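Because the structure is predicted, anything quoted here is derived from the model rather than measured.
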Amino acid sequence: MFSRLSMRIAVTALAVTGLFAAAPSAPAIGQGSSTVSSAASKSPSAGVTVKMSDTVADRLGTGRKALMDAVSADVLSRSHDARGLAPEAAVTKLAAEGREVVVDVRTVSSDWARGVAYVEASRTRHGEPEGWLYIAHRKDGRWTSGLEGDREFADYVARSPLVGKAERQTMTAYAEHKATPGTRVSPTGALANTNGLLLPWMPDYYMTLTGGPHAHDGATGYWSALDFAGGNASGRVRASREGTATSMCGAGGGWTRVIHPGGFSTDYYHMWNATYYNGTAISSSALLGNIGTDTCAGGSATGAHVHWSLRTYDANYVGQYTWLNGRTIGGWAWWNGSSQYSGCATRLGYTACPGTAIYNRTS
């Protein structure tokens with residue numbers, strides 16, 4: 001906890017740069033952290049909620065507002081619900097819906113910064129928020145942001161000292177879409193290979209399918225998500241394969257993204273008791289958390305479950321949720337239904353639809 005003196009110093013330092021400490025949040029780096037909100041008029045980061053530790057704020061110094069502006073502008077230009085609007089209008093529109101735009105600065109070093117940014121989902125219906133990892137670089141006093149999926153992001157992954165060797169190898173393959181042979185098939189292709197991705201719990205245990213293929217936000221786009229609950233896996237949610245994991249909402253939040261080798265990544269939402277990861281290398285079936293009803297970044301959940309989504313990149317390196325129809329996950333081939341949530345899975349002549357217990361198989 002801060003002393004009163006140290007808190008006054010932190011607030012004063014932030015006020016000098018147009019940032020004000022609103023409330024303490026879970027620490028990412030160092031002993032304490034603050035959630036700050038930009039108040040600059042007509043600034044791309046005006047109204048955006050910013051999270052950073054005191055250590056990060058000190059390292060960024062007077063350049064932190066320029067960093068926030070760069071990342072916020074990038075996020076708002078990429079958000080489906082904010083696209084085409086000026087930053088101020090976009091934030092106002094989202095705020096009217098009770099939704100925040102969040103930029104979380106996790107680590108900094110010299111002229112580099114790295115973190116997570118997301119636009120909250122509507123809290124009136126089931127679905128996932130929009131979220132990105134980002135890396136930003138300062139050159140000649142100007143910050144340029146690269147969101148996960150941008151060409152800048154792929155370039156920065158290759159050069160930034162904030163990305164370790166092992167993580168760089170995984171993330172570069174993902175950003176450059178260096179999928180292994182056989183993964184690049186059309187949605188109409190048969191049983192598309194996903195490089196051995198498992199369902200989000202331990203192999204040879206089961207959970208109940210509560211929602212077949214549906215859009216990650218429950219509304220538009222590819223039907224990329226599945227919902228699972230119950231079963232004999234003790235409610236533990238685990239990584240579908242090895243990779244690098246990041247807790248998108250920060251410590252205590254129930255949303256994790258894992259980037260896997262070969263061009264795919266997976267999202268896990270609504271978890272409770274989630275393990276905190278920050279670009280951390282993990283093994284296949286690593287523990288991520290437990291099924292829950294967490295809505296750290298919006299959406300809704302009427303009962304404890306995990307909302308699992310499949311992601312990849314298109315030819316222009318734009319990260320997006322991708323189709324499940326015809327792909328094999330956990331030994332099951334997944335197929336769209338006549339409507340969202342109604343689709344089923346097939347394996348060895350058996351069909352499993354919502355309400356059915358499904359074992360997680362490695363082959």
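Within a 6.0 Å radius of CZ in Arg83, other residues, nucleotides and ligands contribute more than 12 heavy atoms. Annotation: Arg236, atom CZ; neighbour count of heavy atoms from other residues, nucleotides and ligands within 6.0 Å does not exceed 12. Within a 6.0 Å radius of CD in Gln169, other residues, nucleotides and ligands contribute 12 heavy atoms or fewer.
Distance check: Ser145 OG to Leu67 CG gives 7.5 Å after rounding to the nearest 0.5 Å. Atom OG of Ser43 and atom CE of Met68 lie 10.5 Å apart (nearest 0.5 Å). Rounded to the nearest 0.5 angstrom, Asp58 CG and Ser53 OG are separated by 8.0 Å. The OG1 atom of Thr172 sits 9.5 Å away from atom CD of Glu167, with the distance rounded to the nearest 0.5 Å. Within the model, atoms OG of Ser285 and CD of Glu242 stand 10.0 Å from one another, a figure rounded to the nearest 0.5 Å. Note that the CD atom of Glu97 and the NZ atom of Lys93 stand 5.5 Å from one another [nearest 0.5 Å].
Hydrophobic clustering (side-chain heavy atoms under 4.5 Å, transitive across Ile, Leu, Val, Met, Phe, Trp, Tyr) groups Met207 together with Tyr350. Tyr206 and Trp332 fall into different hydrophobic clusters, where Ile, Leu, Val, Met, Phe, Trp and Tyr side chains are chained together by heavy-atom contacts under 4.5 Å.
No hydrogens or angles considered: nothing links the side chains of Thr208 and Thr210 as a donor-acceptor pair under 3.5 Å. For the residue pair Trp335 and Thr346, a side-chain donor N or O sits within less than 3.5 Å of a side-chain acceptor on the partner.
Contact detail for Asp111 and His137: the closest heavy-atom pair is O-ND1, 3.1 Å. Of all the heavy atoms in Leu288 and Arg238, the pair that sits closest is CD1-C, 4.0 Å. The heavy-atom pair separating Ala229 from His305 by the smallest distance is CB-CB, 4.0 Å. When all heavy atoms of Thr194 and Thr328 are compared, the closest pair comes out as OG1-O, 2.6 Å. Counting all heavy atoms, side chain and backbone alike, Ala90 lies closest to Ala82 at CB-CB, 3.6 Å. Here the closest non-hydrogen pair linking Ala274 and Gly254 is CB-CA, 4.3 Å.
Side-chain contact between Tyr268 and Ser309: absent, with no pair of heavy atoms (C-beta onward) separated by less than 4.5 Å. Residues Leu60 and Val105 are in side-chain contact: their nearest non-hydrogen atoms beyond the backbone lie under 4.5 Å apart. Counting heavy atoms from C-beta outward, Thr295 and Glu120 have side chains that stay 4.5 Å or more apart. You'll find the side chain of Leu198 stays beyond 4.5 Å of the side chain of Ile329, heavy atoms only. Between Pro213 and Tyr222 the shortest side-chain heavy-atom distance does not fall below 4.5 Å. Residues Asp104 and Met52 have side chains not in contact (no heavy-atom distance under 4.5 Å, counting atoms from C-beta outward). Contact of the Tyr205 side chain with the Ser234 side chain is not registered, since no non-hydrogen atoms from C-beta on lie closer than 4.5 Å. Two residues are said to be in side-chain contact when any heavy atoms from C-beta on lie closer than 4.5 Å; His307 and Leu226 fail this criterion.
For an aromatic pair to be called close, the ring centres must be under 6.0 Å apart, and Trp132 with Phe153 fails this.
A distance-only check finds no donor-acceptor pair linking the side chain of Arg99 to the backbone of Leu94 [under 3.5 Å]. In terms of modelled atom types and a separation under 3.5 Å, the side chain of Arg78 and the main chain of Val75 share no donor-acceptor contact. Of the possible donor and acceptor atoms, one in the side chain of His270 sits under 3.5 Å from a partner among the backbone N and O of Asp294. The closest donor-acceptor contact from the side chain of Glu148 to the backbone of Leu133 lies under 3.5 Å. Side chain of Arg347 to backbone of Gly331: a donor-acceptor contact under 3.5 angstrom is found. Using a distance-only test at 3.5 Å, with no hydrogens or angles considered, no donor-acceptor pair links the side chain of Ser79 to the main chain of Leu76. Under the 3.5 Å distance criterion, the side-chain polar atoms of Thr312 are left unmatched by any main-chain donor or acceptor of Thr322. At least one donor-acceptor pair under 3.5 Å links the side chain of Asn195 to the backbone N or O of Gly262. A donor-acceptor pair under 3.5 Å is absent between the side-chain atoms of Ser247 and the main chain of Cys249, judged by distance alone. Proximity of a side-chain donor or acceptor of Arg241 to a complementary backbone N or O of Gly196 within less than 3.5 Å is not detected.
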Next item on the list: Starting from the C-alpha separation in whole Å, work towards a yes-or-no answer on side chain to side chain contact (heavy atoms under 4.5 Å, CB included) for Leu310 and Leu197.
Entry: CA-CA 10 Å; Leu310 182 67; Leu197 288 181; 3.6 Å; yes
Notebook entry, point to check: Hey, mind stepping through Thr107 and Trp112 against side chain to side chain contact (heavy atoms under 4.5 Å, CB included) and telling me if it holds?
Noted result: CA-CA 8 Å; Thr107 52; Trp112 294 91; over 6 Å; no
Checklist line | Test log, rule side chain to side chain contact (heavy atoms under 4.5 Å, CB included), inputs Trp334 and Trp223 | finding: CA-CA 11 Å; Trp334 294 89; Trp223 294 4; over 6 Å; no
Check: After noting the C-alpha distance and the side-chain angles of His260 and Arg311, does the key distance pass the side chain to side chain contact (heavy atoms under 4.5 Å, CB included) rule?
Finding: CA-CA 10 Å; His260 307 288; Arg311 292 168 48 88; over 6 Å; no
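The residue from Thr244, Thr246, Asp267, Thr266 that alone fulfils the side-chain hydrogen bond (donor to acceptor under 3.5 Å, both in side chains) condition with Arg257 is Asp267. Each of Asp69, Thr144, Val103, Asp150 was evaluated against Asp74; a single residue qualifies, Asp150, per the side-chain contact (heavy atoms from CB on, under 4.5 Å) test. Among Tyr174, Phe264, Tyr321, the one residue that satisfies the ring-ring contact (aromatic ring centres under 6.0 Å, His included) test with Tyr313 is Tyr174.
Contact check on Arg159 versus Asp155 returns a salt bridge, with a Lys/Arg side-chain nitrogen under 4.0 Å from an Asp/Glu carboxylate oxygen.
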Residues 356-363 side chain polar contacts: donor-acceptor under 3.5 Å, at least two apart:
unit_1	atom_1	unit_2	atom_2	d
Thr356	OG1	Cys353	N	3.4
Thr356	OG1	Cys353	O	2.8
Asn360	OD1	Leu199	N	3.0
Asn360	ND2	Leu199	O	3.0
Asn360	ND2	Trp201	O	2.6
Arg361	NH1	Asp204	OD1	2.9

